[in-house]
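Note that the structure is a prediction, hence the values are computed from the model and not measured. Both counts, for ligands and for their atoms, begin at 1 and track the order of listing.
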Amino acid sequence: MTDKQAAPAIGIDLGTTFSVLAYIDDTGHPISLANAEGERITPSAVLFDGDDVIVGKEALKAISTEAPRVAEGSKRDVGQRIYRKTLDGKQYPPEVIEAFILNKLRTDGVAQLGDFTKAVITVPAYFDEVRRKATQDAGYMAGLDVLDIINEPTAAAVAFGHLQGFLRPEEAARKTQRFLVYDLGGGTFDVTVMEVRGRAFITLATDGDVQLGGYEWDQRLVDLVAEQFIRQYSLDPREDPSAAGRLWRECEDAKRTLSARSKAAATCDFRGKSARVEISREQFEEGCRDLVDRTRFTTVQTLSAAGLEWGDLDRVLLVGGSTRMPMIHQMLKEVSGTTPDSSVAADEAVAHGAALRARLLLDRMNGRPSTFQIKNVNSHSLGVVGTDPQTGRPRTGVVIPRNTPLPVTAKRTFRTKKADQRSILVQVVEGESPTPDDCLQIGRCSVPNLPRHLPMGTPIDVLFDYKSDGRLGVHVSVADTDVQIEAAFTRENSLSKEHLDGWRSYISGAEPTEYR
Ligand code: AMP
(Lines give C-alpha, C1' and ligand atoms only; values in the text may rest on other atoms or scores of the structure.)
Protein backbone atom coordinates (compact mmCIF):
# COMPACT_ATOMS: atom_id res chain seq x y z
CA MET A 1 0.00 0.00 0.00
CA THR A 2 1.39 3.45 -0.80
CA ASP A 3 1.06 6.30 1.68
CA LYS A 4 -1.58 7.91 -0.51
CA GLN A 5 -3.85 4.89 -0.19
CA ALA A 6 -3.04 4.34 3.48
CA ALA A 7 -5.10 5.87 6.26
CA PRO A 8 -3.97 9.43 6.98
CA ALA A 9 -1.94 10.05 10.15
CA ILE A 10 -4.21 12.16 12.35
CA GLY A 11 -3.35 14.08 15.53
CA ILE A 12 -5.95 15.90 17.60
CA ASP A 13 -5.37 18.60 20.19
CA LEU A 14 -8.59 18.45 22.21
CA GLY A 15 -8.32 21.78 24.00
CA THR A 16 -10.36 23.42 26.73
CA THR A 17 -11.25 26.38 24.55
CA PHE A 18 -10.09 25.36 21.06
CA SER A 19 -9.38 22.09 19.28
CA VAL A 20 -7.25 21.37 16.24
CA LEU A 21 -6.98 18.37 13.91
CA ALA A 22 -3.73 17.93 11.99
CA TYR A 23 -2.55 15.36 9.46
CA ILE A 24 0.74 14.51 7.81
CA ASP A 25 0.89 15.47 4.14
CA ASP A 26 2.63 13.54 1.35
CA THR A 27 5.92 15.31 2.07
CA GLY A 28 5.85 14.26 5.74
CA HIS A 29 4.89 17.66 7.15
CA PRO A 30 2.11 18.25 9.68
CA ILE A 31 -0.74 20.43 8.42
CA SER A 32 -3.68 21.77 10.44
CA LEU A 33 -6.87 20.90 8.62
CA ALA A 34 -9.55 23.55 8.17
CA ASN A 35 -12.98 22.56 9.53
CA ALA A 36 -16.23 22.80 7.54
CA GLU A 37 -16.37 26.53 8.37
CA GLY A 38 -12.93 26.98 6.80
CA GLU A 39 -11.08 27.53 10.09
CA ARG A 40 -8.10 25.60 11.41
CA ILE A 41 -9.09 26.15 15.01
CA THR A 42 -12.48 24.90 16.22
CA PRO A 43 -13.94 26.37 19.41
CA SER A 44 -14.52 23.54 21.92
CA ALA A 45 -18.11 24.70 22.47
CA VAL A 46 -21.24 22.58 21.98
CA LEU A 47 -24.81 23.87 21.60
CA PHE A 48 -27.61 21.45 22.50
CA ASP A 49 -30.64 22.53 20.51
CA GLY A 50 -33.29 19.82 20.81
CA ASP A 51 -32.08 16.92 18.67
CA ASP A 52 -29.47 19.12 17.01
CA VAL A 53 -26.01 19.27 18.49
CA ILE A 54 -23.89 22.07 17.04
CA VAL A 55 -20.15 22.23 17.67
CA GLY A 56 -17.71 25.10 17.15
CA LYS A 57 -18.10 28.71 16.14
CA GLU A 58 -21.92 28.77 16.09
CA ALA A 59 -22.06 27.20 19.53
CA LEU A 60 -19.57 29.73 20.88
CA LYS A 61 -21.66 32.59 19.48
CA ALA A 62 -24.76 31.15 21.15
CA ILE A 63 -23.17 31.76 24.59
CA SER A 64 -24.29 35.39 24.26
CA THR A 65 -27.97 34.51 23.86
CA GLU A 66 -28.53 30.89 24.85
CA ALA A 67 -25.90 30.26 27.50
CA PRO A 68 -27.91 27.56 29.36
CA ARG A 69 -27.77 25.34 26.27
CA VAL A 70 -24.07 25.77 25.54
CA ALA A 71 -21.32 23.59 26.98
CA GLU A 72 -17.88 25.20 27.03
CA GLY A 73 -14.72 24.17 28.85
CA SER A 74 -15.95 20.58 29.23
CA LYS A 75 -12.30 19.48 29.42
CA ARG A 76 -12.07 21.09 32.84
CA ASP A 77 -14.81 18.79 34.12
CA VAL A 78 -13.40 15.60 32.61
CA GLY A 79 -12.98 13.06 35.40
CA GLN A 80 -16.25 14.18 37.04
CA ARG A 81 -19.39 12.14 36.63
CA ILE A 82 -21.49 14.96 35.17
CA TYR A 83 -20.74 18.25 33.37
CA ARG A 84 -21.33 21.22 35.67
CA LYS A 85 -24.39 22.57 33.81
CA THR A 86 -27.70 20.98 32.84
CA LEU A 87 -27.99 21.53 29.09
CA ASP A 88 -31.38 21.95 27.49
CA GLY A 89 -32.84 19.99 30.40
CA LYS A 90 -30.35 17.12 30.22
CA GLN A 91 -27.21 16.15 32.10
CA TYR A 92 -24.17 14.87 30.22
CA PRO A 93 -20.91 13.29 31.31
CA PRO A 94 -18.10 15.70 30.28
CA GLU A 95 -16.45 13.08 28.08
CA VAL A 96 -19.69 12.81 26.07
CA ILE A 97 -19.48 16.55 25.35
CA GLU A 98 -15.86 16.05 24.31
CA ALA A 99 -16.99 13.19 22.07
CA PHE A 100 -19.31 15.57 20.18
CA ILE A 101 -16.33 17.89 19.61
CA LEU A 102 -14.12 15.03 18.42
CA ASN A 103 -16.91 13.77 16.18
CA LYS A 104 -17.11 17.14 14.42
CA LEU A 105 -13.34 17.15 13.90
CA ARG A 106 -13.52 13.59 12.61
CA THR A 107 -16.41 14.15 10.18
CA ASP A 108 -14.92 17.40 8.85
CA GLY A 109 -11.63 15.53 8.44
CA VAL A 110 -13.18 12.53 6.69
CA ALA A 111 -14.91 14.87 4.21
CA GLN A 112 -11.50 16.13 3.08
CA LEU A 113 -9.06 13.29 3.69
CA GLY A 114 -11.21 10.21 3.13
CA ASP A 115 -12.22 7.67 5.72
CA PHE A 116 -10.12 7.22 8.85
CA THR A 117 -10.66 6.12 12.42
CA LYS A 118 -7.14 5.98 13.87
CA ALA A 119 -5.90 9.06 15.66
CA VAL A 120 -3.59 10.25 18.43
CA ILE A 121 -5.19 12.58 20.98
CA THR A 122 -3.29 14.85 23.36
CA VAL A 123 -3.88 15.58 27.03
CA PRO A 124 -2.17 17.90 29.53
CA ALA A 125 0.87 16.17 31.02
CA TYR A 126 -0.64 16.76 34.43
CA PHE A 127 -3.85 14.87 33.60
CA ASP A 128 -4.38 12.00 36.01
CA GLU A 129 -5.27 8.45 35.03
CA VAL A 130 -9.02 8.98 35.34
CA ARG A 131 -8.96 11.99 33.00
CA ARG A 132 -6.79 10.10 30.50
CA LYS A 133 -9.23 7.19 30.46
CA ALA A 134 -12.16 9.60 30.02
CA THR A 135 -10.37 11.24 27.06
CA GLN A 136 -9.80 7.85 25.48
CA ASP A 137 -13.49 7.08 26.02
CA ALA A 138 -14.43 10.38 24.33
CA GLY A 139 -12.41 9.24 21.30
CA TYR A 140 -14.20 5.89 21.28
CA MET A 141 -17.64 7.53 21.47
CA ALA A 142 -16.66 9.78 18.55
CA GLY A 143 -16.09 6.69 16.40
CA LEU A 144 -12.31 6.90 16.64
CA ASP A 145 -9.75 4.23 17.33
CA VAL A 146 -7.37 6.04 19.68
CA LEU A 147 -3.85 4.94 18.79
CA ASP A 148 -2.25 6.74 21.69
CA ILE A 149 -2.81 9.46 24.24
CA ILE A 150 0.24 11.71 24.43
CA ASN A 151 1.10 14.68 26.57
CA GLU A 152 0.62 18.14 25.09
CA PRO A 153 4.11 19.46 25.99
CA THR A 154 5.71 16.34 24.53
CA ALA A 155 3.69 16.79 21.34
CA ALA A 156 4.79 20.43 21.17
CA ALA A 157 8.43 19.41 21.66
CA VAL A 158 8.11 16.83 18.86
CA ALA A 159 6.66 19.52 16.58
CA PHE A 160 9.55 21.77 17.53
CA GLY A 161 12.00 18.91 16.87
CA HIS A 162 10.44 18.42 13.44
CA LEU A 163 10.81 22.14 12.65
CA GLN A 164 14.42 22.13 13.77
CA GLY A 165 15.21 18.97 11.81
CA PHE A 166 15.99 16.78 14.87
CA LEU A 167 13.84 13.98 13.51
CA ARG A 168 16.04 13.39 10.45
CA PRO A 169 18.18 10.25 10.69
CA GLU A 170 21.44 12.21 10.18
CA GLU A 171 20.59 14.29 13.26
CA ALA A 172 20.51 11.27 15.58
CA ALA A 173 23.97 11.96 16.95
CA ARG A 174 23.23 15.60 17.79
CA LYS A 175 24.13 16.68 21.29
CA THR A 176 21.60 16.23 24.06
CA GLN A 177 19.29 19.21 24.40
CA ARG A 178 17.20 20.11 27.40
CA PHE A 179 13.96 22.07 27.21
CA LEU A 180 11.48 23.40 29.61
CA VAL A 181 8.06 23.44 27.94
CA TYR A 182 5.78 26.06 29.52
CA ASP A 183 2.26 25.37 28.27
CA LEU A 184 -0.51 27.75 29.29
CA GLY A 185 -3.70 27.05 27.33
CA GLY A 186 -7.32 28.04 27.77
CA GLY A 187 -8.02 25.94 30.82
CA THR A 188 -4.89 24.13 31.93
CA PHE A 189 -1.28 24.83 32.79
CA ASP A 190 1.53 22.34 32.32
CA VAL A 191 5.23 22.59 32.75
CA THR A 192 7.48 19.81 31.57
CA VAL A 193 11.24 19.42 31.56
CA MET A 194 12.43 17.31 28.63
CA GLU A 195 15.63 15.99 27.27
CA VAL A 196 16.08 15.30 23.56
CA ARG A 197 18.76 12.64 23.23
CA GLY A 198 19.34 11.86 19.57
CA ARG A 199 15.77 11.34 18.42
CA ALA A 200 14.38 10.29 21.80
CA PHE A 201 12.10 12.77 23.60
CA ILE A 202 12.46 11.99 27.28
CA THR A 203 10.35 13.66 29.95
CA LEU A 204 12.34 14.27 33.12
CA ALA A 205 9.68 15.90 35.29
CA THR A 206 6.23 17.34 34.91
CA ASP A 207 3.77 19.30 37.01
CA GLY A 208 0.88 21.67 36.50
CA ASP A 209 -2.61 22.70 37.34
CA VAL A 210 -5.72 21.49 35.52
CA GLN A 211 -7.72 24.44 36.80
CA LEU A 212 -5.45 27.27 35.66
CA GLY A 213 -5.53 28.74 32.17
CA GLY A 214 -6.71 31.64 30.02
CA TYR A 215 -10.12 31.30 31.71
CA GLU A 216 -8.73 32.61 34.98
CA TRP A 217 -7.30 35.66 33.22
CA ASP A 218 -10.68 36.20 31.46
CA GLN A 219 -12.43 35.91 34.79
CA ARG A 220 -10.27 38.64 36.33
CA LEU A 221 -11.31 41.01 33.52
CA VAL A 222 -14.96 39.96 33.85
CA ASP A 223 -14.85 40.77 37.57
CA LEU A 224 -13.15 44.10 36.94
CA VAL A 225 -15.80 45.17 34.41
CA ALA A 226 -18.69 43.77 36.48
CA GLU A 227 -17.51 45.66 39.57
CA GLN A 228 -17.45 48.88 37.56
CA PHE A 229 -20.98 48.12 36.28
CA ILE A 230 -22.22 47.48 39.81
CA ARG A 231 -20.71 50.79 41.00
CA GLN A 232 -22.53 52.58 38.20
CA TYR A 233 -25.92 50.81 38.23
CA SER A 234 -26.08 48.60 41.37
CA LEU A 235 -26.72 45.64 39.05
CA ASP A 236 -24.52 42.57 38.64
CA PRO A 237 -24.45 41.32 35.01
CA ARG A 238 -22.89 38.02 36.15
CA GLU A 239 -26.26 36.98 37.61
CA ASP A 240 -27.75 36.32 34.19
CA PRO A 241 -26.06 33.49 32.22
CA SER A 242 -26.48 35.10 28.80
CA ALA A 243 -25.33 38.56 29.98
CA ALA A 244 -22.39 36.84 31.70
CA GLY A 245 -21.67 34.96 28.45
CA ARG A 246 -21.66 38.19 26.45
CA LEU A 247 -19.43 39.87 29.00
CA TRP A 248 -17.03 36.94 28.97
CA ARG A 249 -16.69 37.11 25.18
CA GLU A 250 -16.03 40.86 25.37
CA CYS A 251 -13.39 40.34 28.04
CA GLU A 252 -11.67 37.49 26.21
CA ASP A 253 -11.42 39.80 23.24
CA ALA A 254 -10.08 42.65 25.38
CA LYS A 255 -7.50 40.26 26.85
CA ARG A 256 -6.19 39.45 23.36
CA THR A 257 -6.03 43.18 22.55
CA LEU A 258 -4.02 43.74 25.73
CA SER A 259 -1.37 41.33 24.41
CA ALA A 260 -0.75 43.74 21.53
CA ARG A 261 -1.72 47.15 22.93
CA SER A 262 -1.42 48.96 26.22
CA LYS A 263 -5.19 49.60 26.52
CA ALA A 264 -8.43 47.83 25.68
CA ALA A 265 -12.14 48.36 26.30
CA ALA A 266 -14.97 45.98 27.13
CA THR A 267 -18.66 46.82 26.83
CA CYS A 268 -21.24 45.44 29.21
CA ASP A 269 -25.00 45.50 28.49
CA PHE A 270 -27.50 44.33 31.03
CA ARG A 271 -31.18 45.12 31.64
CA GLY A 272 -31.15 48.08 29.26
CA LYS A 273 -28.06 49.65 30.87
CA SER A 274 -24.68 49.87 29.20
CA ALA A 275 -21.13 50.59 30.32
CA ARG A 276 -17.87 50.77 28.40
CA VAL A 277 -14.92 50.04 30.64
CA GLU A 278 -11.34 50.82 29.67
CA ILE A 279 -8.58 48.67 31.06
CA SER A 280 -4.87 49.32 30.87
CA ARG A 281 -2.33 46.55 30.49
CA GLU A 282 -0.79 47.62 33.77
CA GLN A 283 -4.12 47.29 35.56
CA PHE A 284 -4.68 43.85 34.00
CA GLU A 285 -1.20 42.67 34.96
CA GLU A 286 -1.63 43.91 38.50
CA GLY A 287 -4.94 42.05 38.78
CA CYS A 288 -3.38 38.79 37.55
CA ARG A 289 -0.06 38.87 39.40
CA ASP A 290 -0.98 35.97 41.69
CA LEU A 291 -1.91 33.79 38.68
CA VAL A 292 1.45 34.43 37.04
CA ASP A 293 3.16 33.73 40.37
CA ARG A 294 1.41 30.38 40.65
CA THR A 295 2.87 29.34 37.30
CA ARG A 296 6.29 30.67 38.29
CA PHE A 297 6.26 28.61 41.48
CA THR A 298 5.33 25.40 39.64
CA THR A 299 7.92 26.08 36.94
CA VAL A 300 10.75 26.51 39.44
CA GLN A 301 9.67 23.41 41.35
CA THR A 302 9.53 21.25 38.23
CA LEU A 303 12.98 22.32 37.14
CA SER A 304 14.28 21.32 40.53
CA ALA A 305 12.35 18.00 40.44
CA ALA A 306 14.24 17.29 37.19
CA GLY A 307 17.49 17.91 39.07
CA LEU A 308 18.40 20.84 36.82
CA GLU A 309 19.15 24.54 37.05
CA TRP A 310 18.26 27.27 34.55
CA GLY A 311 21.80 27.20 33.16
CA ASP A 312 21.37 23.51 32.20
CA LEU A 313 18.54 24.29 29.78
CA ASP A 314 19.01 24.91 26.07
CA ARG A 315 15.66 26.65 25.78
CA VAL A 316 12.35 27.55 27.34
CA LEU A 317 9.65 26.68 24.83
CA LEU A 318 6.31 28.49 24.94
CA VAL A 319 3.13 26.64 23.99
CA GLY A 320 -0.57 27.49 24.36
CA GLY A 321 -2.49 30.59 23.35
CA SER A 322 -2.15 32.24 26.76
CA THR A 323 1.64 32.44 26.45
CA ARG A 324 1.02 35.36 24.07
CA MET A 325 0.44 37.56 27.10
CA PRO A 326 3.50 39.78 27.65
CA MET A 327 3.29 39.21 31.44
CA ILE A 328 4.19 35.54 30.84
CA HIS A 329 7.22 36.41 28.71
CA GLN A 330 8.41 38.92 31.29
CA MET A 331 8.10 36.48 34.18
CA LEU A 332 9.93 33.70 32.33
CA LYS A 333 12.65 36.04 31.15
CA GLU A 334 13.15 37.26 34.69
CA VAL A 335 13.25 33.84 36.28
CA SER A 336 15.28 32.02 33.59
CA GLY A 337 17.60 34.80 32.46
CA THR A 338 16.89 33.92 28.80
CA THR A 339 14.33 34.95 26.20
CA PRO A 340 11.65 32.26 25.91
CA ASP A 341 11.24 30.68 22.48
CA SER A 342 7.87 31.13 20.82
CA SER A 343 8.87 29.68 17.45
CA VAL A 344 6.29 26.87 17.47
CA ALA A 345 2.74 27.88 16.49
CA ALA A 346 1.21 28.33 19.96
CA ASP A 347 -2.21 27.05 18.90
CA GLU A 348 -1.24 24.33 16.44
CA ALA A 349 2.07 22.79 17.59
CA VAL A 350 0.36 20.27 19.86
CA ALA A 351 -1.85 18.84 17.09
CA HIS A 352 1.18 18.76 14.77
CA GLY A 353 3.21 16.75 17.28
CA ALA A 354 0.28 14.36 17.73
CA ALA A 355 0.04 13.84 13.95
CA LEU A 356 3.78 13.11 13.79
CA ARG A 357 3.27 10.55 16.55
CA ALA A 358 0.34 9.02 14.60
CA ARG A 359 2.56 8.76 11.50
CA LEU A 360 5.17 6.93 13.53
CA LEU A 361 2.66 4.49 15.02
CA LEU A 362 1.05 3.76 11.66
CA ASP A 363 4.50 3.23 10.12
CA ARG A 364 5.38 0.89 12.93
CA MET A 365 2.19 -1.10 12.31
CA ASN A 366 3.30 -1.41 8.69
CA GLY A 367 6.74 -2.65 9.73
CA ARG A 368 8.59 0.59 9.02
CA PRO A 369 11.29 1.87 11.40
CA SER A 370 10.54 4.54 14.02
CA THR A 371 11.77 8.04 13.37
CA PHE A 372 11.69 9.16 16.99
CA GLN A 373 10.88 7.86 20.46
CA ILE A 374 8.86 9.26 23.33
CA LYS A 375 9.60 8.46 26.95
CA ASN A 376 7.10 9.66 29.49
CA VAL A 377 6.80 9.82 33.27
CA ASN A 378 3.73 9.51 35.50
CA SER A 379 2.57 12.92 36.68
CA HIS A 380 1.03 11.68 39.97
CA SER A 381 2.06 9.02 42.47
CA LEU A 382 0.04 5.82 42.27
CA GLY A 383 -0.89 4.21 45.53
CA VAL A 384 -3.10 1.76 47.33
CA VAL A 385 -5.07 2.33 50.51
CA GLY A 386 -3.73 0.43 53.49
CA THR A 387 -3.91 0.74 57.26
CA ASP A 388 -1.33 2.60 59.32
CA PRO A 389 -0.11 -0.01 61.86
CA GLN A 390 0.49 2.67 64.47
CA THR A 391 -2.74 4.65 64.29
CA GLY A 392 -5.03 2.05 62.70
CA ARG A 393 -6.18 4.78 60.27
CA PRO A 394 -6.33 4.46 56.47
CA ARG A 395 -3.09 5.46 54.81
CA THR A 396 -1.84 5.76 51.23
CA GLY A 397 0.94 3.35 50.37
CA VAL A 398 2.81 4.69 47.34
CA VAL A 399 3.37 1.98 44.74
CA ILE A 400 4.79 4.09 41.88
CA PRO A 401 6.15 7.52 42.87
CA ARG A 402 5.50 10.49 40.59
CA ASN A 403 7.95 11.27 37.79
CA THR A 404 8.83 7.57 37.38
CA PRO A 405 9.78 6.76 33.76
CA LEU A 406 7.01 4.83 31.96
CA PRO A 407 6.17 2.12 31.18
CA VAL A 408 6.66 0.63 34.62
CA THR A 409 5.26 -2.28 36.53
CA ALA A 410 5.20 -2.48 40.30
CA LYS A 411 4.10 -5.31 42.51
CA ARG A 412 2.41 -5.01 45.87
CA THR A 413 1.88 -8.09 47.99
CA PHE A 414 -1.20 -8.34 50.20
CA ARG A 415 -1.79 -11.15 52.67
CA THR A 416 -5.05 -12.88 53.36
CA LYS A 417 -6.29 -11.97 56.84
CA LYS A 418 -7.96 -15.30 57.59
CA ALA A 419 -7.95 -18.91 56.47
CA ASP A 420 -10.02 -19.70 53.35
CA GLN A 421 -10.46 -16.00 52.58
CA ARG A 422 -12.25 -15.81 49.23
CA SER A 423 -11.86 -12.19 48.25
CA ILE A 424 -9.63 -9.14 48.48
CA LEU A 425 -10.45 -5.53 47.77
CA VAL A 426 -7.69 -3.13 46.80
CA GLN A 427 -8.47 0.58 46.56
CA VAL A 428 -6.29 2.37 44.04
CA VAL A 429 -5.59 6.10 44.41
CA GLU A 430 -3.46 8.76 42.77
CA GLY A 431 -1.90 11.71 44.56
CA GLU A 432 0.81 12.85 46.90
CA SER A 433 -1.02 12.88 50.23
CA PRO A 434 -0.57 10.15 52.87
CA THR A 435 -4.30 10.56 53.59
CA PRO A 436 -6.34 8.59 51.01
CA ASP A 437 -9.26 11.03 51.21
CA ASP A 438 -7.01 13.78 49.86
CA CYS A 439 -6.02 11.65 46.86
CA LEU A 440 -7.99 10.91 43.71
CA GLN A 441 -9.88 7.62 43.91
CA ILE A 442 -9.16 5.83 40.65
CA GLY A 443 -11.05 2.65 41.35
CA ARG A 444 -11.32 -0.57 43.24
CA CYS A 445 -9.70 -3.78 42.26
CA SER A 446 -11.74 -6.63 43.62
CA VAL A 447 -10.43 -10.16 43.58
CA PRO A 448 -13.60 -12.11 44.26
CA ASN A 449 -12.53 -15.63 43.43
CA LEU A 450 -9.44 -16.61 45.40
CA PRO A 451 -8.82 -20.38 45.30
CA ARG A 452 -10.36 -22.35 48.20
CA HIS A 453 -8.48 -23.32 51.34
CA LEU A 454 -5.68 -20.76 51.19
CA PRO A 455 -4.12 -20.52 54.65
CA MET A 456 -4.22 -17.22 56.56
CA GLY A 457 -1.42 -14.91 55.47
CA THR A 458 -1.20 -16.26 51.90
CA PRO A 459 0.58 -13.63 49.83
CA ILE A 460 -1.45 -12.26 46.91
CA ASP A 461 0.48 -10.25 44.33
CA VAL A 462 -1.19 -7.26 42.72
CA LEU A 463 0.72 -6.01 39.70
CA PHE A 464 0.22 -2.43 38.57
CA ASP A 465 1.13 -1.92 34.97
CA TYR A 466 1.50 1.77 34.14
CA LYS A 467 1.69 2.18 30.36
CA SER A 468 3.50 4.87 28.40
CA ASP A 469 0.24 6.70 27.70
CA GLY A 470 -0.34 7.07 31.44
CA ARG A 471 -3.06 4.42 31.51
CA LEU A 472 -3.18 1.74 34.17
CA GLY A 473 -3.67 -2.02 34.06
CA VAL A 474 -4.05 -4.21 37.16
CA HIS A 475 -3.25 -7.95 37.34
CA VAL A 476 -3.52 -10.29 40.31
CA SER A 477 -1.81 -13.60 41.07
CA VAL A 478 -1.31 -15.82 44.09
CA ALA A 479 2.35 -15.35 45.00
CA ASP A 480 4.77 -18.16 44.15
CA THR A 481 2.13 -20.13 42.24
CA ASP A 482 0.93 -19.95 38.67
CA VAL A 483 -2.61 -19.11 39.76
CA GLN A 484 -3.63 -15.99 37.84
CA ILE A 485 -6.82 -14.34 38.96
CA GLU A 486 -9.11 -12.29 36.82
CA ALA A 487 -9.29 -9.01 38.74
CA ALA A 488 -12.24 -6.75 38.13
CA PHE A 489 -10.98 -3.18 38.17
CA THR A 490 -14.01 -0.99 38.80
CA ARG A 491 -13.38 2.62 38.02
CA GLU A 492 -14.89 5.59 39.79
CA ASN A 493 -16.79 8.00 37.54
CA SER A 494 -16.28 5.96 34.39
CA LEU A 495 -18.91 5.01 31.80
CA SER A 496 -19.66 1.30 31.32
CA LYS A 497 -18.87 -0.41 28.02
CA GLU A 498 -22.62 -0.59 27.36
CA HIS A 499 -23.03 3.17 27.81
CA LEU A 500 -19.94 3.85 25.72
CA ASP A 501 -21.33 1.73 22.88
CA GLY A 502 -24.71 3.46 23.13
CA TRP A 503 -23.12 6.92 22.93
CA ARG A 504 -20.77 5.77 20.16
CA SER A 505 -23.63 4.78 17.90
CA TYR A 506 -25.67 7.92 18.84
CA ILE A 507 -22.84 10.41 18.35
CA SER A 508 -20.91 8.92 15.45
CA GLY A 509 -23.13 6.17 14.05
CA ALA A 510 -20.23 3.73 14.47
CA GLU A 511 -20.63 0.10 15.52
CA PRO A 512 -19.23 -1.06 18.86
CA THR A 513 -15.75 -2.57 18.69
CA GLU A 514 -13.41 -4.29 21.13
CA TYR A 515 -12.47 -1.71 23.74
CA ARG A 516 -11.14 -2.00 27.23
P1 AMP B 1 -5.07 27.05 23.57
O2 AMP B 1 -5.88 26.12 24.45
O3 AMP B 1 -3.63 26.77 23.59
O4 AMP B 1 -5.64 27.20 22.20
O5 AMP B 1 -5.21 28.48 24.26
C6 AMP B 1 -6.39 29.16 24.27
C7 AMP B 1 -6.27 30.31 25.23
O8 AMP B 1 -5.32 31.24 24.73
C9 AMP B 1 -7.57 31.05 25.43
O10 AMP B 1 -7.76 31.32 26.81
C11 AMP B 1 -7.34 32.33 24.67
O12 AMP B 1 -8.09 33.39 25.22
C13 AMP B 1 -5.86 32.53 24.86
N14 AMP B 1 -5.26 33.41 23.86
C15 AMP B 1 -5.20 33.22 22.52
N16 AMP B 1 -4.61 34.27 21.91
C17 AMP B 1 -4.28 35.15 22.90
C18 AMP B 1 -3.64 36.44 22.92
N19 AMP B 1 -3.23 37.04 21.80
N20 AMP B 1 -3.45 37.03 24.13
C21 AMP B 1 -3.88 36.44 25.28
N22 AMP B 1 -4.48 35.24 25.31
C23 AMP B 1 -4.69 34.60 24.14
### Message
Ring of F284, cation from R281 - is the NZ or CZ under 6.0 Å from the centre and inside 45° of the axis?
### Response
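The answer is no, since R281 fails at least one limit relative to F284.
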### Message
Ring of Y215, cation from R76 - is the NZ or CZ under 6.0 Å from the centre and inside 45° of the axis?
### Response
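No, cation not above the ring by the 6.0 Å, 45° rule.
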Shortest protein contact, [atom] (heavy atom only):
atom: atom 19 (N) of ligand 1; value: R324 CD, 3.5 Å
atom: atom 1 (P) of ligand 1; value: G321 N, 3.7 Å
atom: atom 22 (N) of ligand 1; value: K255 CE, 3.5 Å
atom: atom 12 (O) of ligand 1; value: E252 OE2, 2.3 Å
atom: atom 6 (C) of ligand 1; value: T17 OG1, 3.3 Å
atom: atom 20 (N) of ligand 1; value: S259 OG, 2.6 Å

#### Entry: Main-chain N/O of A345 paired to E348 side chain as donor or acceptor, under 3.5 Å
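Pair absent, no side-chain N/O of E348 close to backbone of A345.
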Please list, in number order, the atoms of ligand 1 under 4.0 Å from a heavy atom of [X].
X: S322; value: 7 (C), 8 (O), 10 (O), 13 (C)
X: G320; value: 3 (O)
X: M325; value: 21 (C)

Distance flag, aromatic centroids of [Y] and [X], threshold under 6.0 Å:
X: F48; Y: F100; result: yes
X: F166; Y: F201; result: no
X: Y83; Y: Y92; result: no

### Query
Between S242 and D240, is any side-chain donor less than 3.5 angstrom from a side-chain acceptor?
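No, no side-chain donor-acceptor contact under 3.5 Å.
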### Task
Please indicate whether any nitrogen or oxygen in T16 is less than 3.5 Å from any nitrogen or oxygen in ligand 1.
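N/O-N/O distance below 3.5 Å does not exist for this pair.
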### Query
So, is G186 polar-close to ligand 1, with some N/O to N/O distance under 3.5 Å?
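Yes, there is a polar N/O contact under 3.5 Å.
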### Query
Do L204 and K375 come within less than 4.5 Å of each other through their side chains, counting heavy atoms only?
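Side chain of L204 against side chain of K375, heavy atoms only: no contact under 4.5 Å found.
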### Message
Any atom of ligand 1 sitting under 4.0 Å from a heavy atom of G15?
### Response
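Distance cut 4.0 Å: G15 fails for ligand 1.
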### Message
So is D347 touching ligand 1 or not, going by heavy atoms under 4.0 Å?
### Response
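Within the 4.0 Å threshold, so yes.
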### Task
Mark yes when over 12 heavy atoms from residues, nucleotides or ligands other than E282 sit less than 6.0 Å from its CD; otherwise mark no.
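Counting neighbours around CD of E282, 12 or fewer heavy atoms of other residues, nucleotides or ligands fall under 6.0 Å, so no.
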